[in-house]
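Counting starts at 1 for both ligands and their atoms, in listed order. Position 1 is the first residue of the sequence; numbering continues from there.
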Amino acid sequence: MGATKRSILIMFCALMLFRHVEASSSSPSPQKNQSQGSLDSFLYNYALNSIPKPRTGQVYEVSSPANFSGVGVSLLRLRAHSLWKNGANLSSIEIPPKAALPFPFTRRVDLVKQDLGNWSTSYYNIVPNYTLVAPVVGLLVYNSDAGPTSTRLVGLEMRGDSVITVSFRNVSLNQYDAASLRCVRFAADGTLQLSNVSGGGSTCVWRSDGHFSIFAPLNMKKNKKKGKESEVKWWMIGIPGGVAAAAVLVAGGGILWWWRSVRKMERIAERSEGLNSIWIGSSRMPTATGIRTQPNLENSYIP
Ligand SMILES: *[C@@H]1O[C@H](CO)[C@@H](O)[C@H](O)[C@H]1NC(C)=O
Ligand SMILES: *[C@@H]1O[C@H](CO)[C@@H](O)[C@H](O)[C@H]1NC(C)=O
Ligand SMILES: *[C@@H]1O[C@H](CO)[C@@H](O)[C@H](O)[C@H]1NC(C)=O
Ligand SMILES: *[C@@H]1O[C@H](CO)[C@@H](O)[C@H](O)[C@H]1NC(C)=O
Ligand SMILES: *[C@@H]1O[C@H](CO)[C@@H](O)[C@H](O)[C@H]1NC(C)=O
Ligand SMILES: *[C@@H]1O[C@H](CO)[C@@H](O)[C@H](O)[C@H]1NC(C)=O
Ligand SMILES: *[C@@H]1O[C@H](CO)[C@@H](O)[C@H](O)[C@H]1NC(C)=O
């Protein structure tokens, strides 16, 4: 009876270990899209607090919020008329003249450019089979005049075939095949658009505001060192954890099996004299197979 209890306990522990491994493999995945909107309004409020009276037409580079070190925020307040007539230049995001008006229309707008830097993957999902190779930058348009900041978000309406140009000049993309790179736009409604890169492989053109970045297919990175960190972590936790859990399960199962077989054999032994053949049988028990396979798993998978 003690043996059964012990093996049940061992299996329970193995299950808990599996759960733990599962939890640690899913936690780094950046499923945080419900917080994207609150990050946007946090950064807008932060910019307005840093620059309480922005002068129209001047681009302000706001220093990173204390708890978002590495995030870049720029603020540009414009009259709609000026946005239309002259366009806007937020360095890496350019709106050409005679291209855009706020929609719904407002007389003045605040254009906010975000560069999420190393926070990008914490807020924006990776598309299956693709990996982010550039930071996420955002262009958000607010009505600068009315109401609480949380209700000021408007958009841009683009005329004809004019486009917003988003360039990732500072991002080194040489290691990727330019034809495999994809521009990505994360729209406010949670949908996602892909398009080809242009401008020698570091520029994206879009017909709307939103959040933008560049993806590369995951298999392009097979031999590159710069793998996604959370994945590396997953494998580092996942493989030894999985192997350990499997080992515990096999051992637990083996012990249970062994105990049952021993009981069975005892019962048979009580009834018959065929001791030899029974002991030959016991040497073929799965306990042995389980123990023999274990070191193989470890040797071939541990990095
Ligand atoms: C940063 O601080 C603001 C409030 O000051 C808070 O709303 C936000 O969640 C914080 N972000 C992080 C990542 O800690
Ligand atoms: C926009 O600004 C960047 C640098 O701030 C500059 O390199 C670029 O030429 C400007 N674009 C236009 C169209 O003026
Ligand atoms: C981004 O980098 C800054 C240092 O430049 C660091 O303080 C911050 O914690 C990093 N953010 C994340 C999400 O790793
Ligand atoms: C990802 O790639 C694998 C094989 O390369 C394929 O089976 C799978 O369908 C792909 N997933 C998506 C969402 O494209
Ligand atoms: C991009 O590079 C230029 C010069 O090479 C530098 O002045 C600028 O700060 C960089 N921008 C970012 C976001 O790193
Ligand atoms: C969040 O992401 C899920 C899929 O990952 C999507 O179905 C949902 O619409 C998104 N929600 C928002 C508010 O973006
Ligand atoms: C993207 O480029 C590929 C060739 O590199 C081309 O076949 C495809 O039509 C392009 N897609 C768009 C939307 O331009």
Side-chain angles (χ1 to χ4, degrees), residues 24 26-40 42-43 46-47 50-51 54-79 82-101 109-126 131-141 156 158-173 186 198-207 209 211-213 226-234 236-237:
S24 64
S26 60
S27 60
S29 84
Q31 290 278 356
K32 273 198 196 169
N33 64 356
Q34 62 276 55
S35 52
Q36 291 163 5
S38 56
L39 177 64
D40 292 343
F42 170 72
L43 293 176
Y46 175 81
S50 311
I51 321 285
R55 286 175 49 194
T56 310
Q58 182 168 340
V59 178
Y60 295 89
E61 308 280 344
V62 184
S63 60
S64 301
N67 62 355
F68 279 109
S69 172
V71 168
V73 185
S74 308
L75 176 67
L76 169 60
R77 179 166 288 183
L78 286 178
R79 288 187 194 87
S82 166
L83 172 63
W84 172 256
K85 194 173 163 221
N86 307 314
N89 186 355
L90 287 152
S91 89
S92 60
I93 298 184
E94 292 180 26
I95 303 170
K98 300 215 162 40
L101 279 174
V109 288
D110 285 336
L111 301 181
V112 175
K113 186 189 83 174
Q114 309 169 350
D115 183 337
L116 296 186
N118 59 343
W119 295 84
S120 301
T121 52
S122 312
Y123 282 86
Y124 287 87
N125 283 328
I126 306 293
T131 183
L132 276 182
V133 296
V136 171
V137 299
L139 172 66
L140 291 120
V141 185
L156 287 180
M158 305 296 293
R159 187 189 75 154
D161 53 5
S162 43
V163 290
I164 298 167
T165 305
V166 183
S167 61
F168 296 89
R169 283 184 289 262
N170 286 18
V171 182
S172 161
L173 297 168
F186 303 91
S198 51
S202 62
T203 302
C204 299
V205 295
W206 293 108
R207 294 184 40 74
D209 51 302
H211 291 84
F212 316 102
S213 190
K226 276 180 83 184
K228 226 187 103 247
E229 271 176 39
S230 61
E231 266 172 14
V232 172
K233 275 178 203 149
W234 186 87
M236 286 162 75
I237 300 162

query: Is there a ring-ring contact (aromatic ring centres under 6.0 Å, His included) between Y46 and F68 once you walk through the steps?
result: CA-CA 11 Å; Y46 175 81; F68 279 109; 9.1 Å; no

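- Heavy-atom distances between G70 and ligand 3 stay at or above 4.0 Å for every pair.
- Inclusion of S122 in the set of residues having an N or O under 3.5 Å from an N or O of ligand 3 is not warranted.
- Across all their heavy atoms, S120 and P135 have their closest contact at OG-CA, 3.5 Å.
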Show the atom names and distances, to 0.1 Å, of all donor-acceptor pairs under 3.5 Å that link a side chain in residues 70-79 to residues at least two apart or in another chain.
unit_1 : atom_1 : unit_2 : atom_2 : d
S74    : OG     : E61    : OE1    : 3.1
R77    : NE     : D110   : OD1    : 2.7
R77    : NH2    : D110   : OD2    : 3.1

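- In summary, the atoms of ligand 3 found under 4.0 Å from a heavy atom of S69, numbered by their order in the structure, are 1 (C), 2 (O), 3 (C), 4 (C), 5 (O), 7 (O), 8 (C).
- Minimum heavy-atom separation, D209 to L156: OD1-N, 3.2 Å.
- Heavy-atom minimum distance, F212 versus F168: O-CZ, 3.9 Å.
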task: For side chain to side chain donor-acceptor pair (under 3.5 Å), just list the numbers for K98 and S162, CA-CA rounded to whole Å, side-chain angles, deciding distance to a tenth of an Å, and then say yes or no.
output: CA-CA 8 Å; K98 300 215 162 40; S162 43; over 6 Å; no

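- Contact residues for ligand 2 (protein heavy atom closer than 4.0 angstrom to any ligand atom): N89, S91, E94.
- Looking at heavy atoms from C-beta onward, S198 lies in side-chain contact with V205 at the 4.5 angstrom threshold.
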